[in-house]
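Input: a single structure, listed below in structure tokens.
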Amino acid sequence: MPNNKLLEHLNPKQQEAVEHIAGPLLIIAGAGSGKTRVITYRLVYLLANNVPGWNILAVTFTNKAAEEMRVRVDKLLREIFPGTYTAPPLLSTFHSFCVRVLRQDIEQIGFKRGFVIYDENDSLSLIKQCLRELNLDEKKTRPKEALYIIDKAKDDLLDAESYQIYAHTSHNDVRQIAAEIYRRYQKKLKDNNALDFGDLIMLTVHLWRSCPEVLQRYQERFRYVLVDEYQDTNHAQYILTKMLTQKFQNICVVGDEDQSIYMFRGADIRNILDFEKDNKNCKVIKLEQNYRSTRHILETAQKVISHNKDRKSKELWTANKKGDPVDFYEVVNEIEEASFVAGSIRRLVKEDVRPLEIAVFYRTNAQSRVMEDALRREQLPYMVIGGMRFYERREVKDILAYLRVLVNPQDSVHLKRIINVPNRGIGKTSLEMIEKYAAEQEIGLPEALQQLDLIAGLQDRAKKNLRGFRQQLQNWSAARINLSTSELAAKIIEESHYIKELEADPQEASERIANVKELISAIKEFEEQSKDKSLETYLEQVALISDLDSWQQEKNYVTLMTLHLAKGLEFNYVFMTGLEEGLLPHANSLATQIEREEERRLCYVGMTRAKRRLVITSAAERRVNGVRRWNIPSRFIAEAELIEREIEKPFVENTEMTPEARHQIPESGFKKNQRIGHEVFGAGRIIEVSGSGEDQKIIVDFNSGVRKKLLVKAANLKVL
DNA sequence: TTTTGATAACTTTTT
DNA sequence: GTTATCAAAA
């Protein structure tokens, strides 16, 4: 009975995918083909056929995808089994699944269970330390490059020793240096009791390889495994999945090679292209009916992607109506492009389209600025996703660093971050002395802090301050027992006088203080929602979170994001901007066929996000890194067989200063205390002037309460 | 020790 | 054009 109910909302192919219970299954899910629906139905179908939720694992790449799936499974379960409780499957990201495994058994491979997770910046600071110790010049050996090589190695399951052998046999200087850095870097991670993202996967495989009984436990438990976005798995994740499912072979992978856009992050498209070869008796189901887009949009996207050689044959079709043709406009420059898009959005909104139905995509984050300005001018609500993430803000990282040091006393990276924040008079020299001492004694920074008296040359004042700091840390550590995470954070902010430190910079203070408060709210929210409210769990969750996770389609604003972040989402109205040679495809991705094909997939992903209307723009001239560049329309325009449309009305309003307004600016520039008006921020008073002529900058207190630093020549100001 | 000015970098980035 | 980073000046 529940079976029929489950299957009746699905097309025949989808039904087939849902009904396949045992043995390997590959679902090629074209864009908009109801992938999430199939996955949730399949999970519930398994439960309905007496597979315990306990035995099922579904792996996604993002928290957001996992959360969405969780909600949908839950809802469907309540429909199918009203009034009864059925244990749901475990829905997890690769990384959080691995953290779970490692927290349990990592001691078997010589690590401590209480490890913390380092993000890219944490890793970079360790790399820089390694470079210094190896006397390598940061300009010759770039930390980012070294980290990239190490990351790649981990994605390929090469640990430091294996990589060293590989580097040695390949007689490649760069690799040999990288191998040396890798070794040191791993040692430092271990000394800090930390793992990076790559370690989470690699060490899980390592653990399973060296402890078959642990692997067996997981094989026995997770007899049914499903992996979403399989085209984005790297080699390590591929091996991990393979090991886990070796015994029962109930592996279902879902993906679309045409939407593989993370090869640059180590994803290996071969994993999905070769899945059939790898699993002999594997069943393949192609979902080719698109439920999302109009025929015009789908056909245009198909035309583009058909130029890729490295793909399986797949022909998407839709029963949806034809809709409007895809629009293509060529504009003079990025400013007009932004005004045009903003103007179009204004018209849509006037026609009662809600802003939440609209998205603007671009290739690079830098493109968002101009677009934001235009939307602000039109007074349209918008939200930029990505770019500077909340948890990457300085003040947020500072507070978290305090918490991390309390949880993991071995953490030198974060201890170093806060040792002089707020200012305790521990300057560069003092810090260097302590670090030198630590290096000599072969101990960590935290341990060195316990031996202040033994450090030669350290100023008495510095010693005194450090003792105070040490005492504070101890007090907070002791206070942990009686306080919740949010209370502890509040106590630290209070007692360290962190807010006072922020107030020293009047321009940034209000925003930064707001972020600190926001952090406290975030911790409180965590405490309300999470079962395990411990500080450790909070920090772990923060380490594995992304900006996209906070995005909600329900909020009524226009969404601005990169094409990469758009994957998996859909909007009624989509504007794709900057379709120019050099931007999309990006100049840095033109070298190889592989890269060019990934750019094309990126374009395809963007196009297939649109449900009703797709508008594409390209600018003849654009400012890139401060210099004007002339570009020709993207090759994808021709491939899509798009015809340029004329812009009907001039959308450019107010982008140039009128001669009248220009006259109002005094020859000598602006003066302190002068009252001025700004298009967006309104009226305000100048509180500080710096620079002169073209470079003149002013700081203004606006009546609305915000304080801004503005470049006079760019701000389009009026004298009041 | 702290502030400042010069210098280079800059594609995308689920975790 | 913006931003992070580092050496030199205050």
Side-chain angles (χ1 to χ4, degrees), chain A residues 59-66 92-99 117-121 123-124 128 138-139 142-144 148 151 154-155 195-201 228-229 231-234 236-237 259-267 334 361-367 369-370 385-389 391-392 394 420 423-431 459 461-462 465 504-505 540-549 551 561-569 578 582-590 595 598-599 601-602 605-606 622-628 690 695 711 713-714:
Chain A
V59 186
T60 62
F61 273 82
T62 65
N63 297 303
K64 192 174 162 293
S92 174
T93 63
F94 265 109
H95 291 84
S96 57
F97 174 73
C98 289
V99 170
I117 301 162
Y118 271 10
D119 67 15
E120 194 189 328
N121 287 310
S123 296
L124 274 176
K128 282 177 193 164
E138 271 191 32
K139 281 178 191 117
R142 288 215 190 72
K144 269 200 175 149
Y148 180 79
D151 264 343
K154 288 181 178 180
D155 287 346
L195 305 184
D196 66 14
F197 289 133
D199 285 336
L200 295 177
I201 315 286
D228 189 17
E229 305 280 14
Q231 75 281 353
D232 290 333
T233 48
N234 59 37
Q237 288 159 337
Q259 295 185 62
S260 162
I261 53 175
Y262 283 104
M263 260 163 46
F264 74 96
R265 283 286 279 117
E334 78 275 18
F361 300 153
Y362 35 79
R363 174 71 233 265
T364 67
N365 280 310
Q367 288 168 257
R369 282 187 73 87
V370 188
I385 313 297
M388 185 61 139
R389 295 159 172 74
Y391 284 102
E392 276 170 21
R394 199 184 74 193
N420 198 33
N423 197 331
R424 299 188 175 86
I426 317 295
K428 213 173 114 193
T429 334
S430 306
L431 185 60
Q459 300 253 315
R461 197 169 66 95
N465 293 340
D505 183 352
E540 184 171 306
Q541 193 209 267
V542 166
L544 301 175
I545 214 167
S546 82
D547 198 41
L548 192 62
D549 296 329
W551 179 85
M561 55 170 62
T562 62
L563 287 162
H564 281 89
L565 289 180
K567 194 178 70 166
L569 307 176
L583 241 199
L584 183 66
H586 198 277
N588 296 358
S589 298
L590 290 173
E595 288 173 289
E598 178 144 313
E599 294 293 302
R601 291 194 290 269
L602 200 48
V605 165
R622 178 184 299 274
R623 200 172 265 241
V624 183
N625 298 343
V627 277
R628 293 231 153 263
S690 59
D695 289 327
L711 189 61
K713 100 182 142 150

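Letters go in sequence order (proteins before strands), and every chain restarts at 1. It should be emphasised that the depicted structure is a prediction, and the values quoted were computed from it without experimental measurement.
- The residue among A/A462 and A/E598 whose nearest nucleotide of DNA chain B lies closer to the 5′ end is A/A462.
- Residues forming a side chain to side chain donor-acceptor pair (under 3.5 Å) with A/S123 (at least two apart in sequence, or on another chain): A/Y185.
- Checking the phosphate oxygens (OP1, OP2) of B/dT2, a side-chain nitrogen or oxygen of A/N420 falls inside 4.0 Å.
- Residues satisfying the side chain to side chain contact (heavy atoms under 4.5 Å, CB included) criterion with A/E120, sequence neighbours excluded, are A/L124, A/K144, A/L147.
- For the strand DNA chain B, secondary-structure stems (runs of at least three Watson-Crick or G-U pairs, all distances below 3.5 Å) span B:1-10 with C:1-10.
- Across the protein-nucleic acid pair, A/D196 atom CG and B/dT15 atom C1' stand 11 Å apart, rounded to whole Å.
- In this structure, A/N234 atom CG and B/dT13 atom P are separated by 18 Å, rounded to whole Å.
- Nearest to the side chain of A/F197, among C/dG1, B/dT1, B/dT15, sits B/dT15.
- The residue among A/T93 and A/L602 whose nearest nucleotide of DNA chain B is located toward the 5' end is A/L602.
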Enumerate the protein-to-nucleotides 5-9 of chain B contacts in which both atoms are nitrogen or oxygen and the separation is below 3.5 Å.
residue : atom : partner : partner atom : Å
B/dA9   : OP1  : A/R142  : NH2          : 3.1

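- Among the atoms of the strands shown, only primed sugar atoms or phosphate atoms (P, OP1, OP2) are found under 4.0 Å from some heavy atom of A/L565.
- Atoms CG and CD1, from A/L431 and A/I426 in turn, are 8.5 Å apart once rounded to the nearest 0.5 Å.
- For A/N465 (side chain) and A/A462 (main-chain N/O), no donor-acceptor pair under 3.5 Å exists by modelled atom type.
- One atom, CD of A/E120, and another, P of B/dT11, lie 13 Å apart when rounded to the nearest Å.
- The listed nucleotides are B/dT13, B/dT11, B/dT1; the one nearest the side chain of A/R461 is B/dT1.
- With sequence neighbours left out, A/E540 forms a side chain to side chain donor-acceptor pair (under 3.5 Å) with A/R103.
- One interatomic measurement links the two molecules: CZ of A/F361 to P of B/dT13, which rounds to 13 Å at whole-angstrom precision.
- Looking at residues two or more places apart in sequence or on another chain, you find no salt bridge (charged side-chain N to carboxylate O under 4.0 Å, His left out) involving A/R369.
- Side-chain atoms of A/N365 lie closest to B/dT12 of the nucleotides B/dT11, C/dT2, B/dT12.
- A donor-acceptor contact under 3.5 angstrom links the side-chain atoms of A/R265 to the base of B/dT15.
- The residue A/G198 sits apart from the nucleic acid: no heavy atom pair falls under 4.0 Å.
- Among the heavy atoms of the strands lying under 4.0 Å from A/D232 is at least one base atom, whether or not backbone atoms are also near.
- For A/T364 and B/dC10, the shortest distance from a side-chain N or O to OP1 or OP2 is not below 4.0 Å.
- Between the base of B/dT11 and the side chain of A/S589 there is a donor-acceptor pair shorter than 3.5 Å.
- With sequence neighbours left out, the side chain to side chain contact (heavy atoms under 4.5 Å, CB included) criterion links A/T93 to A/T60, A/N63, A/H95, A/S96.
- Between A/R601 and A/S260, the shortest heavy-atom distance links the atoms NE-O, 2.5 Å.
- Pairing each heavy atom of A/D232 with each of A/I261, the nearest pair is OD1-N, 3.9 Å.
- Set against B/dT13, B/dT11, B/dT15, the side chain of A/T562 has B/dT13 as its closest nucleotide.
- Atom NE2 in A/H95 sits about 16 Å away from atom P in B/dT13, given to the nearest Å.
- The nearest whole Å value for the distance from the CG atom in A/L431 to the P atom in B/dT1 is 9 Å.
- A/L200 comes within 4.0 angstrom of nothing in the nucleic acid, heavy atoms only.
- Close to B/dT12, at under 4.0 Å from its OP1 or OP2, lies no side-chain N or O of A/R363.
- A/Y362 meets the side chain to side chain donor-acceptor pair (under 3.5 Å) test with no other residue; sequence neighbours excluded.
- B/dT12 has its base stacked against the ring of A/F264, the centroids being under 5.5 angstrom apart at an interplanar angle below 30°.
- The two atoms that bring A/E334 and A/R628 nearest to each other are OE1-NH1, 3.8 Å, heavy atoms only.
- Across the protein-nucleic acid pair, A/L583 atom CG and B/dT11 atom C1' stand 9 Å apart, rounded to whole Å.
- Here A/T62 pairs with nothing under the side chain to side chain donor-acceptor pair (under 3.5 Å) rule; sequence neighbours left out.
- Checking B/dT2, B/dT15, B/dT13 against every side-chain atom of A/Y262, the shortest atom distance belongs to B/dT13.
- Taking atom CG on A/N63 and atom P on B/dT13, their separation rounds to 16 Å, with Å as the unit.
- Of the candidate nucleotides B/dT12, B/dT2, B/dT1, B/dT2 has the atom nearest to the side chain of A/N423.
- In the set B/dT1, B/dT2, B/dC10, the nucleotide with an atom closest to the side chain of A/N625 is B/dC10.
- Counting non-hydrogen atoms under 4.0 angstrom, A/D155 reaches nothing in the nucleic acid.
- Here the nucleotide nearest the side chain of A/H564, chosen from B/dT13, B/dT15, C/dT5, is B/dT13.
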